[in-house]
Amino acid sequence: MGIGSKSKYLKSQFEVDDKIMKKTTSQIIKDVKVKKTSRFISGVLNSLAKMLYFKPCSVDFIRRVEPNDYKNEPLIIVANHSSRFDYAFVQGAMRKRQINFVSAEEEFHRTKFKTVFKLGQVIPKKSFVPDTNAIRGMTRIIRNAKNGCVGIFPCGLSTVGGAQQPSVSGTGKMLKHFGVRVLAVRISGAYLVCPKFDLKERYGHVEVELFELFSPEQLKEMSADEIERKVDEAIFVDDYEWNATRQNSYKRKDGKFAENMEQILYKCPKCNTEMQMEGRGDKIVCKHCGNGAILDDKYNLKPIGESVIPRNPREWYDWERREMRKEVKSPDFVMEEHVVLSVQPKYGYVKKNLVAYPVGDGMLRMDKKGLTYNGTRDGKPWQVFIPSDLLYTTIMNVDGSFFSTYTSGEFLMFTPDSPSSVRWNMAIEEIYRVNGGKWQNFPWFNYDKQGF
């Protein structure tokens, strides 16, 4: 059911505890002047991580360098981003080093993170748009605090398909701007613990490797593009491929390893029908033709009968991207669907594990020119258009059931009627790339590959 002008719950969802707030929540977040994380808080958070994550995940730390050797200089830590636990893995790799992490600003609007972000002195950054406020926050730590250390995830988003995504454009320029030593953390197996298509963890083996990536002298000599390319090469991880030979098992008590997998694998490899895949229990099956597979606890896909199935979910995901690339090259490509529109309140914080609150519904359309929403907002007609050259990817904060973006500084979230968020994401990315946008895929990604 759509959300129209007579929705009964919109008013209650936007009530705030403090009616006399003068500043908007966005302004409060923007005005916070982060300080170096305290040694005590850093120690407490690290101890909690050991108890909650390291033992259940059977984490192995492989330190090619010793963090203590860098205690008397400022640092930037770069890491691949595969799961909700990655902050803990990076902190664990760096032992007791105090780290100020950079995190998506939209997460600062959620009640569940308000206290921990404040204690951890986390730096807010609007996802996939230029944000000078984030640079100011990083400057306070790297330039103004004694031996400050900032942790970033250059891809800007926990991976959707199981492998690291390209760094956000400008990563190389930013590292060159600060010019301090850069260490890297490469995390393997974390996506298999927290896959994007399911909120329930599957505990199993994780490896966390720490090494030095750039010295200040190297950053000075290299171009921004060279730096960015080396970052991508250094922290690229394909968790499905990583576990193909290791065959580590991941534990989910109910055995529902394929639950909600249609959020990521939306296209049938046999009949090419879309939005008819269904992930239930340990199986993903096409409701149109019956093609399907069993996903075991090692993330192997085992075809059911004579089914046509890729070797692993990552190969399936990459095949969908190549298919999407072909579609968006058509001059009359259009994607359109009914969606629910949600936003974050101007005052107060989002509760109940939500990211935003519903405010309307309407039709979402994507073509070569850009993304258009035409529907309602707060019971009134409302439309917004985002040109394709300003939109190169989308945000998937929690799982693959919705996607989000920023426009004019505001966070907009769209929930399609069908499990098509990843399809929208791929269409937006490939339209941007085909149109010659700067944020291209890895140079080693083969769009011309035939089959899986």
Side-chain angles (χ1 to χ4, degrees), residues 29 32 34-63 66-68 70-71 75-125 137 141 145 147-153 158-159 183 185-196 198-210 250-253 349-355 397-399:
I29 294 167
V32 171
V34 293
K35 301 176 182 178
K36 185 177 178 180
T37 310
S38 77
R39 190 179 298 276
F40 173 74
I41 293 299
S42 182
V44 169
L45 294 177
N46 204 16
S47 296
L48 285 172
K50 288 179 181 179
M51 179 177 64
L52 297 174
Y53 308 135
F54 296 175
K55 188 175 181 180
C57 292
S58 182
V59 181
D60 282 340
F61 289 102
I62 305 167
R63 298 181 180 89
E66 179 51 50
N68 199 45
Y70 304 95
K71 65 181 180 181
L75 295 173
I76 293 178
I77 314 296
V78 298
N80 63 303
H81 197 5
S82 304
S83 76
R84 297 182 288 276
F85 300 164
D86 293 339
Y87 296 93
F89 296 146
V90 173
Q91 181 65 72
M94 291 299 295
R95 299 190 190 276
K96 296 181 180 180
R97 183 67 184 256
Q98 295 145 269
I99 305 174
N100 291 78
F101 286 100
V102 177
S103 184
E105 190 198 284
E106 59 270 16
E107 301 291 354
F108 285 72
H109 290 254
R110 303 174 68 188
T111 302
K112 65 183 294 184
F113 295 129
K114 182 180 177 182
T115 300
V116 70
F117 279 7
K118 184 176 181 180
L119 290 173
Q121 293 292 306
V122 179
I123 301 166
K125 164 73 172 72
I141 304 304
N147 302 324
C149 178
V150 170
I152 66 171
F153 299 97
S158 59
T159 180
L183 303 187
V185 176
R186 186 164 50 223
I187 307 165
S188 301
Y191 184 87
L192 308 183
V193 174
C194 299
K196 200 70 169 181
D198 193 14
L199 297 179
K200 191 166 184 179
E201 288 83 20
R202 304 103 182 277
Y203 291 108
H205 186 58
V206 174
E207 288 182 2
V208 182
E209 184 180 5
L210 173 70
Y250 291 81
K251 298 178 178 64
R252 177 171 166 152
K253 291 182 179 179
Y349 296 82
V350 183
K351 302 177 181 179
K352 299 180 180 179
N353 288 324
L354 300 175
V355 177
N397 304 82
V398 182
D399 60 8

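When reading the values below, keep in mind they use all heavy atoms of this one structure, side chains included, and skip hydrogens, waters and symmetry mates.
- The backbone N or O of Q121 lies less than 3.5 Å from a partner atom in the side chain of N100, making a donor-acceptor pair.
- If you check the side chains of S158 and K196, you find a donor sitting under 3.5 Å from an acceptor.
- Between the side chain of N397 and the backbone N or O of V355 there is no donor-acceptor pair closer than 3.5 Å.
- Remark: side-chain polar atoms of T37 are paired, donor with acceptor, to backbone N or O of I99 under 3.5 angstrom.
- With sequence neighbours left out, K125 forms a side chain to side chain donor-acceptor pair (under 3.5 Å) with no residue at all.
- H109 places no side-chain N or O within 3.5 Å of a backbone atom of V350 that could act as its donor or acceptor partner.
- In summary, R84 and E201 engage in a salt bridge, as defined by a charged side-chain N under 4.0 Å from a carboxylate O.
- Side-chain atoms of S42 do not come within 3.5 Å of backbone N or O of S38 as any donor-acceptor pair.
- For the pair R110 (side chain) and N353 (backbone), a donor-acceptor distance under 3.5 Å is present.
- A cation-pi arrangement, defined by a distance under 6.0 Å to the six-membered ring centre and an angle within 45 degrees of its axis, is present between R63 and F61.
- Y349 places no side-chain N or O within 3.5 Å of a backbone atom of F113 that could act as its donor or acceptor partner.
- Under the side chain to side chain contact (heavy atoms under 4.5 Å, CB included) rule, T159 has a single partner from S83, P195, S82, which is S82.
- Ion pairing between K112 and E107 fails under the 4.0 Å rule for side-chain N and carboxylate O.
- Ring orientation note: the planes of H81 and Y87 are nearly perpendicular, at an angle over 60° on the 30°/60° scale.
- Checked by atom type and distance alone, the side chain of N80 pairs as donor or acceptor with a backbone atom of I187 at under 3.5 Å.
- Between N68 atom CG and M94 atom CE the span is 9.5 Å, to the nearest 0.5 Å.
- For the side chain to side chain contact (heavy atoms under 4.5 Å, CB included) with R97, the lone residue among V90, L183, L75 that qualifies is L75.
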